[in-house]
Amino acid sequence: MTANVAVETTPEIPLWNDPSHPVSARVDALIGAMTLQEKIAQLYGVWVGASANGGEVAPHQHDMEEAVDLDALLPSGLGQLTRPFGTAPVDPALGALSLLRTQTRITSANRFGIPAVAHEECLAGFAAWGATAYPVPLSWGATFDPDVIRRMAAAIGRDMRAVGVHQGLAPVLDVVRDLRWGRVEETIGEDPYLVGTIGTAYVQGLESAGIVATLKHFVGYSASRAGRNLAPTSVGPRERADVLLPPFEMAIREGGARSVMHAYTDIDGIPSAADEKLLTGLLRDTWGFDGTVVADYFGIAFLKTLHGIAGDFADAAGAALTAGVDIELPTVKTFGAPLADAVAEGRVPESLIDRALRRVLTQKADLGLLDPDWSPVPPAFAGADLDDPDALRGTIDLDSPANRELAREIAEKAVVLLANDGTLPLAAPRRIALVGPNAAEGTAVLGCYSFPQHVGVQHPEIPVGIELPSLGESLAAEFPDAEITVARGTGVDDGDLSGIAEAVDTARDADIVVVALGDRAGLFGRGTSGEGCDAESLALPGAQQELLNALLDSGTPVVTVLLAGRPYALGRAVEDSAAIVQSFFPGVGGTRAIAGVLSGRTAPSGRLPVSVPRGPGSQPATYLGARLAQASEVSNIDPTPAFGFGHGLTYTTFAWSDLTLDTEQTPTDGEFTASLTVRNTGERSGTEVVQLYLHDPVASVVQPVQRLVGYTRLELAPGESRRVRVTVPADVASFTGRDGRRIVEPGELELRLAASSTDARLTTRVTLTGPVREVDHTRRFHAEFTVE
């Protein structure tokens with residue numbers, strides 16, 4: 001006899017949930033099983049806010065959107081959750097619990113159990129209550145240090161991933177073309193190579209933590225006319241190819257970015273959201289990008305409401321899908337019922353939805369969201385009791401000591417000493433007059449995409465959530481034996497002159513004046529810097545120049561300190577200040593970093609990522625200008641900056657010498673190596689930033705007088721010297737020729753090894769020989785430095 005044995009079996013895992021099969025096969029099977037409504041549901045997000053009590057998220061309402069009924073939407077599924085942490089102040093642990101419960105609801109409601117991708121802003125740190133506020137991207141550029149930015153992005157990514165976030169909307173790779181633009185603070189600088197190298201490092205760091213990095217804004221947003229937000233963009237194909245696109249090329253090829261966000265603006269009448277040649281032809285077919293393209297917030301609806309190229313939201317959805325946009329953000333408006341109706345009417349082919357859906361589901365599979373063992377419990381909750389929200393409160397630290405130390409390091413490396421007559425570092429002053437609208441304001445270190453300035457200002461009853469010492473507090477800690485008297489003088493932009501006399505009296509009674517000027521970050525006119533806070537001129541906002549001039553007349557030496565989102569013309573202060581210190585919204589460690597530079601505890605090592613204008617009305621201008629963009633006898637306007645791109649002083653001196661070149665000629669597909677010696681000739685340690693600029697005397701199309709093609713930071717002890725070698729591939733001399741092809745031409749080139757764009761220390765020439773050579777996005781991007 002044979003015994004009957006019960007055999008336990010498990011239900012067959014659907015193909016799309018089986019990680020043993022190729023992702024492509026899993027995605028194809030899932031698409032084949034979905035209804036049209038289920039497909040479309042994966043292509044949009046819903047803007048939500050986490051519950052302060054750990055309950056499910058609630059839809060966020062915005063004046064540009066209609067109410068969203070989650071109960072009606074979720075049975076079909078959901079592509080993304082927009083900013084669950086970045087919509088309202090919520091304890092991070094309770095926010096993570098809210099997201100967890102919402103993901104459980106989403107997966108339970110749709111028949112395939114697909115969770116949503118949660119995305120957040122992370123432009124200057126994770127934009128969540130209580131998270132570390134790092135320096136803004138313009139300060140990243142000022143460091144000239146990709147490694148520290150890579151480490152910062154990895155730290156930001158780890159914090160985001162720990163609480164269940166999958167995607168970050170950063171970095172901004174727009175190259176500054178007009179300093180009046182309000183979003184200058186969000187950019188890395190005015191040079192595409194600096195933007196590309198620093199931005200790529202950020203992408204590498206964020207992606208290393210498992211967060212999908214989103215490149216923005218693709219492309220041309222920063223070149224809007226007169227620096228006005230969302231204004232039309234007037235750039236030719238060569239400016240687009242040689243200035244605006246290279247950072248995106250680099251971040252995709254070397255950074256491995258998995259998402260791109262289209263720009264709001266149009267170029268020559270074609271909005272980026274509807275530009276098939278850009279989003280499909282260039283991005284995908286030429287560059288080989290295989291990630292997702294997401295809409296900038298409301299950008300698809302703007303095709304109808306702002307650009308006027310779509311008659312209704314269905315047309316807008318069809319135009320965006322055709323161009324190559326995959327996901328509508330921040331919430332469903334055009335990719336919902338209008339898109340479903342358009343498919344039913346034959347106005348939009350379902351194949352376009354399948355194309356976008358394949359990309360979306362492939363990314364979800366790569367994130368593990370389709371795996372059978374996927375869990376909504378984020379890493380931060382390992383071993384936690386999720387049934388007791390009150391016990392969870394305060395258990396997740398998004399502002400750890402390690403984060404703050406890293407923020408301090410970046411802030412210190414980003415402080416730029418523009419001018420110094422020897423007054424700095426301060427030698428134990430007895431009486432300090434600290435004057436200005438940013439003297440006692442802790443939030444003066446924050447950019448507009450920091451949580452306190454972006455969201456927190458709408459909730460004044462909630463504490464800021466992070467420690468933000470004012471400059472006054474940091475100076476008191478730095479100079480404990482000094483008597484520090486604070487006088488506001490005037491506001492950032494109120495034009496109030498009534499406090500200037502008192503400020504001058506305070507200055508006259510002091511040994512040194514530190515005047516803290518600059519910006520207040522905000523949104524859409526609520527600040528002097530930030531999104532929608534464009535400037536008519538580059539004069540200091542409000543009555544700050546009047547205050548500065550009065551202090552300069554006080555007879556007491558004045559150290560001018562800028563806490564700002566853009567550089568400003570400083571008038572007579574350029575010559576009359578004892579010293580000028582520039583800091584671009586340096587984050588939580590910012591005021592301590594500035595105080596350390598003033599005392600000499602730290603040596604300044606930042607370099608300008610944007611030029612500082614001499615006059616307030618000379619924009620748009622950039623160091624990348626061609627010969628006719630320079631000062632000349634045929635115009636009465638002189639665009640020469642007060643301090644050029646790459647400029648920055650320190651507390652020691654350096655000698656550059658012994659420049660050699662391994663060859664004077666190389667083919668257009670070759671390379672050459674230059675070597676030089678840099679020696680610290682001063683009495684204290686310091687950092688020199690060796691910058692390599694390329695000058696092309698004769699080219700078939702007009703070129704900038706010079707452009708940055710490489711750089712390296714050198715930290716040298718007193719008397720120490722290092723031999724620096726830089727290998728320069730001919731590829732870095734490439735540009736877009738008359739027929740639109742990127743080429744390397746034969747001919748003579750001048751290499752300028754420089755301390756800034758206005759301070760060339762050593763120059764040499766090399767000749768490229770042979771035929772004109774065509775190159776593409778696989779070209780070599782870098783002049784490679786080695787230090788011996």
Side-chain angles (χ1 to χ4, degrees), residues 40-52 55-74 76-90 92 95-96 98-103 105-107 109-110 114-123 126-129 131 160-161 163-170 211-214 216-217 258-262 264 273 292-302 317 320 325-336 356 360 363-364 367 369 376 378 449 451 454-455 458 523 531:
I40 291 175
Q42 293 296 319
L43 305 186
Y44 56 70
V46 172
W47 197 336
V48 298
S51 165
E56 293 176 357
V57 300
H60 170 64
Q61 300 307 317
H62 188 281
D63 58 8
M64 295 177 66
E65 65 187 86
E66 290 77 35
V68 172
D69 185 349
L70 277 179
D71 288 331
L73 290 178
L74 292 188
S76 295
L78 182 62
Q80 293 223 359
L81 285 167
T82 293
R83 297 176 68 180
F85 290 88
T87 299
V90 175
S98 180
L99 177 57
L100 180 161
R101 290 175 170 174
T102 302
Q103 289 282 33
R105 178 184 175 190
I106 292 170
T107 55
N110 75 84
I114 306 172
V117 166
H119 76 257
E120 291 287 354
E121 298 285 359
C122 54
L123 189 68
F126 182 11
W129 185 83
M160 296 171 73
R161 200 73 187 93
V163 295
V165 176
H166 307 99
Q167 182 167 359
L169 303 188
I211 296 293
V212 175
T214 307
K216 58 188 191 180
H217 307 84
R258 289 182 282 173
S259 190
V260 170
M261 176 181 281
H262 74 71
Y264 283 132
T292 55
V293 173
V294 302
D296 202 346
Y297 285 11
F298 308 106
I300 299 175
F302 287 168
V325 180
D326 302 314
I327 303 168
E328 180 178 25
L329 297 179
T331 198
V332 56
K333 194 174 185 74
T334 71
F335 273 17
V360 168
Q363 196 156 89
K364 286 195 172 186
L367 289 167
L369 302 185
Y449 266 80
F451 187 89
H454 200 80
V455 178
Q458 302 169 41
L523 288 166
E531 185 173 1

Minimal non-hydrogen separation, Leu369 against Pro115, with atom names: O-CD, 3.2 Å
Those residues that, when tested against His217, pass ring-ring contact (aromatic ring centres under 6.0 Å, His included) (two or more places apart): Tyr221
pair Trp47-Leu81: side-chain heavy atoms closer than 4.5 Å: no
All salt bridge (Lys or Arg N to Asp or Glu O under 4.0 Å) counterparts of Asp69, not counting sequence neighbours: none
Trace of the side chain to side chain contact (heavy atoms under 4.5 Å, CB included) decision for Phe85 with Val165: CA-CA 9 Å; Phe85 290 88; Val165 176; 3.9 Å; yes
Side-chain touch Ile114/Gln42, heavy atoms, less than 4.5 angstrom: yes
Pairing residues for Lys364 by the salt bridge (Lys or Arg N to Asp or Glu O under 4.0 Å) criterion, not counting sequence neighbours: none
Partners meeting ring-ring contact (aromatic ring centres under 6.0 Å, His included) with His166 (sequence neighbours left out): none
Residue pair Arg83, Val455: steps toward the side chain to side chain contact (heavy atoms under 4.5 Å, CB included) verdict: CA-CA 11 Å; Arg83 297 176 68 180; Val455 178; 4.1 Å; yes
Partners meeting ring-ring contact (aromatic ring centres under 6.0 Å, His included) with Phe335 (sequence neighbours left out): none
Short side-chain to backbone donor-acceptor contact, Thr82 and Pro330, under 3.5 Å: yes
For Glu121, side-chain hydrogen bond (donor to acceptor under 3.5 Å, both in side chains) partners two or more places apart: Lys216
Side-chain (Glu120) to main-chain (Gln167) donor-acceptor, under 3.5 angstrom: no
Side chain to side chain contact (heavy atoms under 4.5 Å, CB included) partner of Val294, chosen from Val260, Val360, Leu329: Leu329
Residues Arg105, Glu56: salt bridge by 4.0 Å N-O rule: yes
